[in-house]
Amino acid sequence: MSGRERHLDARSPGSRAKEIKHASPVECTGFKEEKQKKKRTKTQEPQKPNHAEKLAVQKTPKEKATKHLTKESNEEQHMPTESTKAKSCSSTARSQKKPPRNPLKTQLELETAIMPETPKELKASQANTKPKASGKAEFQTEETNDEECADKTMEKMPKAKADLDNSVLKSILGNLKIKVKDRADSSKVVNSFKKNLVKYLKKDTISFSEVEEPLCTGSYYENLKISHPDEFDIMLPMPVERVTIEPFGANGAFYTVALKRSSNPLMRFQKNDILPASKILEEFRENVKTFAKGFTEWTMTPKRKGCPAVTLTSQVGSVTISLDVVLCLRVKSSWPSFTKDGLKIEQWLGSKVKQEHKLKPYYLVPKYEGRGNVENDGVQAKDAWRVSFSHIEKDIIKKHGSQKTCCEKRGANCCRKGCLKLLKYLLHLLKESDSTFDKFCSYHAKTTFLHACCSKTKDTDWGESDLSQCFNRLLQDFEKHLRCGELFNFFIPSQNLLSGIGKKLCTQLADAIKEQRENGFPIFREILLIHNEC
DNA sequence: AGGAGCTAATAGAG
DNA sequence: CTCTATTAGCTCCT
């Protein structure tokens with residue numbers, strides 16, 4: 001899927017020296033300045049009852065949301081949220097989005113449109129919090145602090161701001177809900193294609209006859225899709241037993257793969273003890289193309305360089321939905337050694353859960369980094385494979401609670417998913433408003449989120465009513481990663497997902513996020529405002 | 001392989 | 001708000 005396959009990978013091996021330098025703590029100076037600026041505020045509110053929040057929320061614009069969003073996503077088809085992705089976080093040119101509106105004006109309009117209620121709310125919430133908030137400003141001390149950019153300078157929010165943000169954020173989350181009908185329409189079309197494609201590959205192809213049940217990955221299947229069910233990602237696993245993998249490049253994310261002699265139909269691709277990803281992907285693409293000819297409602301989209309997915313689109317009502325089909329190898333043996341220090345979920349989900357995950361297979365997708373013709377030990381980059389743990393990501397996000405009952409019928413709800421959705425959406429909007437942010441992708445958001453879950457491990461760290469505090473904290477995490485240019489792959493800590501992106505660009509994004517955070521998310525408010533007008 | 005029963009997300013009624 | 005219905009996707013069972 002999406003983010004995953006499209007995230008920026010580390011640069012070419014040659015730039016490694018740089019990366020190491022990058023990684024040194026000295027480089028992480030970003031926060032020093034921030035520290036000075038830090039606002040004096042109170043500690044994060046521990047689990048407050050809901051009344052204040054309720055007050056705020058009732059007043060916010062609700063309905064009608066969909067209209068605008070729908071239209072918006074239509075306009076963007078060529079740049080599907082995560083899918084543009086394909087080019088993925090690569091810097092390929094894409095349709096120019098409307099320039100950002102004048103922020104000042106917008107802010108003003110918003111002030112008048114949304115604020116009328118606020119004095120009341122403020123009073124109410126202040127009254128509510130009086131007893132608790134009375135203490136002097138202090139900063140929460142964090143227990144676990146193994147983070148890359150070890151520096152804990154969280155800005156805590158005044159309760160009043162938190163309440164305001166809460167109402168905006170909740171409204172936005174309301175708008176991002178997927179309509180039942182949209183979901184039904186899309187899934188009908190996608191599921192039928194999926195089923196028949198697998199049937200076809202099994203019956204009518206030689207190389208892919210052993211393909212197994214598709215893995216549904218990506219936002220939609222993680223219930224993280226924002227605003228529209230218009231992007232679907234499936235991985236079609238080819239079981240391979242007994243493979244030899246060799247790291248390709250230094251970061252441990254890419255490998256060359258060789259089948260040990262076996263009857264696997266992919267064996268016929270193997271040359272010089274290398275299973276060439278590009279050749280296999282090419283043939284796979286041809287097969288899908290042939291199949292799709294009989295499925296006239298689906299259109300193939302052109303091959304994109306370095307993208308592991310074969311993408312098809314289909315018009316469902318007024319929406320174009322896209323389906324990414326990714327062929328992958330399923331390897332049922334222990335994970336590559338580069339994953340040894342990854343997946344640090346012991347504190348969060350428990351070591352038993354971790355062990356269970358590590359017993360699962362891992363996947364290899366035909367995705368390379370940088371230019372396809374770069375050679376490494378005589379192998380071209382385009383013939384390398386990248387490891388994928390989409391299935392684990394999906395499972396973790398589904399069972400995200402430290403307590404088993406988190407978000408279940410009889411358990412307390414948390415705001416983890418809400419926070420992640422908001423982060424993805426914010427990134428999406430920022431990218432849309434400024435095309436220099438092209439290189440960032442939703443996988444950066446997801447990875448930031450997973451790391452955040454590992455340092456804030458308790459369900460009570462993500463209380464449902466603390467949405468704005470939690471989201472703010474998550475944003476600050478993201479800013480830190482950006483400012484020090486380090487965001488490590490959650491499974492492969494040696495891969496820095498930001499290493500291919502210029503430091504200046506990272507800082508710019510961090511600044512943009514900070515601005516949103518400090519000003520009550522004007523970019524979200526604008527959306528709500530437009531909604532309200534419809 | 002296919003069905004029963006479960007869950008999460010959404011939507012609507014009271 | 002709570003309660004209930006609906007649906008897609010998932011899991012487990014035979």
Side-chain angles (χ1 to χ4, degrees), chain A residues 1 48-67 69-70 121 124 128 166-167 169-199 202-203 211-237 314 316-317 319 321 323-324 353 356-357 359-360 390-401 403-422 424-425 459 462 464-465 467 531:
Chain A
M1 110 53 306
K48 267 237 103 188
N50 297 336
H51 23 302
E53 161 201 319
K54 279 181 199 158
L55 257 176
V57 171
Q58 300 173 321
K59 306 291 188 181
T60 52
K62 258 275 155 104
E63 259 332 297
K64 305 232 163 186
T66 29
K67 211 152 217 171
L69 281 178
T70 310
E121 288 162 18
N128 281 340
N166 247 331
S167 84
L169 299 177
K170 286 204 165 190
S171 302
I172 286 289
L173 281 180
N175 292 350
L176 291 176
K177 281 180 180 166
I178 287 175
K179 298 284 157 290
V180 168
K181 186 173 184 309
D182 292 346
R183 185 173 52 138
D185 292 347
S186 305
S187 60
K188 219 171 283 164
V189 179
V190 169
N191 289 341
S192 121
F193 184 85
K194 202 167 72 182
K195 205 178 74 194
N196 287 291
L197 174 63
V198 172
K199 213 185 283 176
K202 283 187 170 174
K203 247 183 62 192
V211 78
E212 301 204 333
E213 274 314 284
L215 276 90
C216 301
T217 62
S219 322
Y220 174 80
Y221 295 102
E222 288 169 348
N223 286 313
L224 290 172
K225 190 73 191 72
I226 44 183
S227 67
H228 241 292
D230 56 0
E231 290 165 24
F232 295 79
D233 305 278
I234 59 172
M235 298 191 358
L236 293 178
S314 178
V316 176
V319 199
I321 59 180
L323 172 64
D324 280 3
V353 170
E356 285 165 9
H357 285 316
L359 290 175
K360 292 175 183 166
S390 299
H391 54 313
I392 311 290
E393 291 164 13
K394 180 179 171 183
D395 205 64
I396 288 179
I397 284 167
K398 203 167 85 182
K399 299 176 211 153
H400 56 258
Q403 302 292 307
K404 303 239 173 313
T405 54
C406 183
C407 291
E408 281 179 5
K409 269 198 305 261
R410 271 174 238 297
N413 289 334
C414 78
C415 65
R416 287 183 182 89
K417 277 185 163 187
C419 285
L420 178 51
K421 276 193 193 177
L422 288 168
K424 288 174 64 165
Y425 192 45
D459 295 342
W462 299 88
E464 190 182 27
S465 54
L467 179 66
H531 258 206

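Numbered from 1 within each chain, the chains take letters A, B, ... in sequence-line order.
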Over 12 non-hydrogen atoms of neighbours within 6.0 angstrom of NZ in A:Lys195: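 It does not: A:Lys195 NZ has 12 such atoms or fewer within range.
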Trace of the side-chain contact (heavy atoms from CB on, under 4.5 Å) decision for A:Lys424 with A:Leu224: CA-CA 9 Å; A:Lys424 288 174 64 165; A:Leu224 290 172; 4.0 Å; yes
For A:Thr217 against A:Ser390, the heavy-atom pair lying closest together: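 Looks like CG2-CB, 3.7 Å.
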Rounded to the Å, how far apart are [X] [atom1] and [N] [atom2]?
| X | N | atom1 | atom2 | result |
| --- | --- | --- | --- | --- |
| A:Asp182 | C:dG9 | CG | P | 14 Å |
| A:Glu213 | C:dC10 | CD | P | 11 Å |
| A:Asn223 | C:dT7 | CG | C1' | 12 Å |
| A:Lys194 | C:dA8 | NZ | P | 12 Å |

Degree of bending, the helix from B:dA1-C:dT14 to B:dG14-C:dC1 (end axes from five pairs; round to 10°):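 Rounded to the nearest 10 degrees, the bend comes out at 10°.
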side-chain contact (heavy atoms from CB on, under 4.5 Å) assessment of A:Lys417 paired with A:Leu420: CA-CA 5 Å; A:Lys417 277 185 163 187; A:Leu420 178 51; 5.7 Å; no
Criterion side-chain contact (heavy atoms from CB on, under 4.5 Å) on A:Val319 and A:Asp182, from CA distance to verdict: CA-CA 9 Å; A:Val319 199; A:Asp182 292 346; 5.6 Å; no
side-chain hydrogen bond (donor to acceptor under 3.5 Å, both in side chains) between A:Lys394 and A:His391, intermediate numbers included: CA-CA 5 Å; A:Lys394 180 179 171 183; A:His391 54 313; over 6 Å; no
Interface with DNA chain B, restricted to residues 407-414 of chain A and to heavy atoms under 4.0 Å: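 DNA chain B contact set from residues 407-414 of chain A: A:Glu408, A:Lys409.
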Contact list for DNA chain C against residues 183-191 of chain A - heavy-atom distance below 4.0 Å: A:Arg183, A:Ala184, A:Ser187, A:Asn191
CG-CG distance between A:Asp233 and A:Leu323, expressed to the nearest 0.5 angstrom: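 A:Asp233 atom CG to A:Leu323 atom CG measures 8.0 Å (nearest 0.5 Å).
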Phosphate OP1/OP2 of C:dG9 contacted by A:Tyr220 side-chain N/O (<4.0 Å): yes
Outermost DNA chain B nucleotides near chain A [under 4.0 Å, heavy atoms]: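 Boundary nucleotides touching chain A, in 5' to 3' order, are B:dT7 to B:dA11.
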Residues A:Cys414, A:Glu464; criterion side-chain contact (heavy atoms from CB on, under 4.5 Å); working and verdict: CA-CA 4 Å; A:Cys414 78; A:Glu464 190 182 27; over 6 Å; no
Test item: A:Thr405 and A:Arg410 side chains (from C-beta on) under 4.5 Å apart, heavy atoms: no
Sugar-phosphate only, base, or nothing, as touched by A:Lys181 at under 4.0 Å among non-hydrogen atoms: nothing
For A:Asp185, all residues meeting side-chain hydrogen bond (donor to acceptor under 3.5 Å, both in side chains), sequence neighbours excluded: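 Testing A:Asp185 for side-chain hydrogen bond (donor to acceptor under 3.5 Å, both in side chains), a comparison that skips the adjacent residues, returns A:Lys181.
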A:Lys399: partners by salt bridge (charged side-chain N to carboxylate O under 4.0 Å, His left out), with sequence neighbours left out: A:Asp395
Aromatic ring pairing A:Tyr220/A:Phe232, orientation class (parallel under 30°, perpendicular over 60°, tilted between):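 The rings of A:Tyr220 and A:Phe232 sit tilted, inter-plane angle from 30° to 60°.
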Side-chain donor/acceptor of A:Ser186 to backbone N/O of A:Arg183, under 3.5 Å: no
